[in-house]
Amino acid sequence: MAGAGGRAPLGLRRWLSSPAPAPRVCVVGSGPAGFYTAQHILKHHGGALVDIYEKLPVPFGLVRFGVAPDHPEVKNVINTFTQTARSERCAYYGNVTVGRDVTVPELQQAYHAVVLSYGAEDNRVLGIPGENLPGVYTARAFVGWYNGLPENRDLKPDLSCETALILGHGNVALDIARILLSPLQLLRKTDITDSSLAALACSKVKRVWLVGRRGPLQVAFTIKELREMINLPGARPVLDPADFTGLESAVRDAPRPRKRLTELMIKTALEKPVEMQAAAAAGAAAPREWGLKFQRSPQEVLPSADGRRARGIRMALTCLEGSGDSAKAVPTGAVEELECGLVLSSIGYRSLPLDPAVPFDSQHGVIPNSSGRVQGVPGLYCSGWVKRGPTGVIITTMNDSFDTAQSVLEDLQGGVLDTSPPREGFGLVESILRSRGVRPVSFSDWEKIDAAEVARGKAAGKPREKIVDPVEMLQIIGH
Amino acid sequence: MAAPGPARLLRAAAASSRRWLFSSTSPAAGPRPGYGGAAAAGRTARPFSLSARAVLSSEDKITVHFINRDGDKLTAQGKPGDSLLDVVVDNNLDIDGFGACEGTLACSTCHLIFEDHIFEKLDAITDEEMDMLDLAYGLTETSRLGCQICLKKSMNDMTVRVPEAVADARQSVDMSKNS
Ligand SMILES: Cc1cc2nc3c(=O)[nH]c(=O)nc-3n(C[C@H](O)[C@H](O)[C@H](O)COP(=O)(O)OP(=O)(O)OC[C@H]3O[C@@H](n4cnc5c(N)ncnc54)[C@H](O)[C@@H]3O)c2cc1C
Ligand SMILES: NC(=O)c1ccc[n+]([C@@H]2O[C@H](COP(=O)([O-])OP(=O)(O)OC[C@H]3O[C@@H](n4cnc5c(N)ncnc54)[C@H](OP(=O)(O)O)[C@@H]3O)[C@@H](O)[C@H]2O)c1
Ligand code: FES
């Protein structure tokens, strides 16, 4: 194989492409959606050639830049993705921003099918006064910062206050709470960036509130992540038993996941006081603490006296209309203020439109599609968060990517995708990129960056030290 | 921070053997020209047969039948103590997306459905496995995570079912022989 990102040798290509020309498929985005879609097409079509384009020089999307550094197990999926990328029928082109460096119509000219798997690169906004004050950060930026996402490397969050407040009851909110409260020695051996580790070492934050607008039965986080938080060494959960009154019977007939999750919260709320007394009796140092607050909808981030930064938040108390997942939070008219110097808004990610040629449903933040076929544009597909919205774990993204791949395969088989006119694939895109001064990064280039990161991490006993500056990444590969 | 437990022990085992991703539907055929990647190249696909009879059965081997999503029956063998994930990986069983986190209790893609009489005798489930199982697709009363179930003699000849994912409700297309 000529380089991991290289194509099959000519002779082989001819062998693959006879009798019918090989279908050329292009995937935009190298996160789980992009890789699982590519994997499924390659596996179930013996001749298809798949090219993956990625905006950043480095691959894997949120597996690298979202998944928490202390969750290395989740990142094992990278091994399978790497195997896909090294397949002779697959090529990776990083450092190419689709929509800017090459347009979707241009890709459609170069490929028989184009799959959009570019994820959700923005976040929902609160739309409340004070949201932009210093001291207020989006979860997306904060996560990007500790995970070494180039655009967030200079965030320098101010961690000089004692109380932090996270808006939202999703798994991202729990990730952030855990990173803020984890003992340093637990983070030190992870791939968290050196500079964020240094900032966390100086952090004064010792109390984290996670605030949801609805109740305990509507939390979006999952039990594994909650249990991890409850078991976090040196941090004690503060749950108000009153929030859980009557819930035990309410979940008796609920589906098992909701039931077990609620029961764990109830158990924690009820048993902690005993342990607390025991800890106090044993003279344990005042630990860090975290807690869940319910039925509070953010109204305004309150500025400090000099107006320069956040000092607290005002929340509207809510009551729930309806029940279960569809319950709605309705303000009661009462409000509550809470002092906190750090506010993290973790209310969800959001996809953006990519190209005027691609339909986009801005209300739901997705590309309108059926089973991954983009509405009204034959030959165009989508998968992952941009197809379904910004929720779901890896297995959800995997299943929906297989679903999209299945649609591509059906359309190839049923002749909906006409593959008789051969398409040039990267050959055409390459000349477009060259004319615009864009130099793609191959998968073997990435493997050099990878090796450099692993080598840098080794000294510190970390799996890797991420390079956070794209210019430096490109230097390593001699671009 | 993963809870310590069986997952930890299994990680090394699962990580050391990688499946042959693009070997299509008949792993028995072995690697085809031009397929697979460097990761798999060093490793010869271990042949296995769809019929248990054809496999050299040594005393301590345990035979397991997998009913795949498309209804196909895959039969393979493992040693006592191997996890069902090991069996799938070591035999290159073609189950889409199986074992994404490589046995570390972080993905639930190794979800399998057991026969009642086998299920009843499985080792007690840990909270950590149950937590992950709660996220699995097509959960049933006799569901477990394959990476956490280790083979015992008494399991010989058992049949486990791969649950349908949402995507699989559709007729699957396979054009892997199009070349
Ligand atoms: C903070 C966080 C933590 C998470 N932790 C877990 C976890 O522990 N376990 C779990 O199972 N799931 C977790 N998830 C969920 C999981 O990450 C998602 O299900 C999955 O990443 C979605 O995949 P995707 O490919 O659709 O999007 P992404 O992973 O975002 O991939 C999209 C890719 O497209 C690229 N791209 C964007 N625009 C362009 C463009 N114009 N041109 C070319 N490329 C482009 C991006 O750079 C990116 O690489 C987490 C999510 C978040 C946000
Ligand atoms: N370890 C893991 O497995 C892991 C880790 C991280 C992320 N993930 C996954 O990644 C996905 C994204 O996670 P996420 O946490 O970003 O999203 P999420 O799960 O959708 O949670 C978003 C939270 O924000 C709240 N919210 C939304 N709009 C709000 C508003 N205007 N005001 C107040 N609250 C608001 C939601 O409450 P309502 O319900 O009231 O809308 C919800 O509690 C999830 O599927 C998650 O499971 C998984
Ligand atoms: S392989 Fe991921 S949970 Fe079993």
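Small disclaimer: the values here were computed from a predicted structure and weren't measured.
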Where on [X] is there a heavy atom nearer than 4.5 Å to chain B: the side chain, the backbone, both, or neither?
X: A/Thr396; answer: both
X: A/Arg256; answer: both
X: A/Leu412; answer: both
X: A/Ile223; answer: both

Is there a side-chain hydrogen bond (donor to acceptor under 3.5 Å, both in side chains) between A/Asn171 and A/Thr222? Walk through the geometry before answering.
CA-CA 7 Å; A/Asn171 278 331; A/Thr222 46; 3.0 Å; yes
Are B/Ile149 and B/Met155 close enough that some pair of their side-chain heavy atoms sits under 4.5 Å apart?
yes
Contact winner vs chain B - A/Thr190, A/Leu409, A/Asn231, heavy-atom pairs under 4.5 Å
A/Leu409
Pairing residues for A/Phe60 by the ring-ring contact (aromatic ring centres under 6.0 Å, His included) criterion, not counting sequence neighbours
A/Phe35, A/Trp446
Salt bridge or not between B/Asp60 and B/Lys79? Use side-chain N to carboxylate O under 4.0 Å.
no
Does one side chain, of A/Thr404 or A/Ser407, offer a donor that lies under 3.5 Å from an acceptor on the other?
no
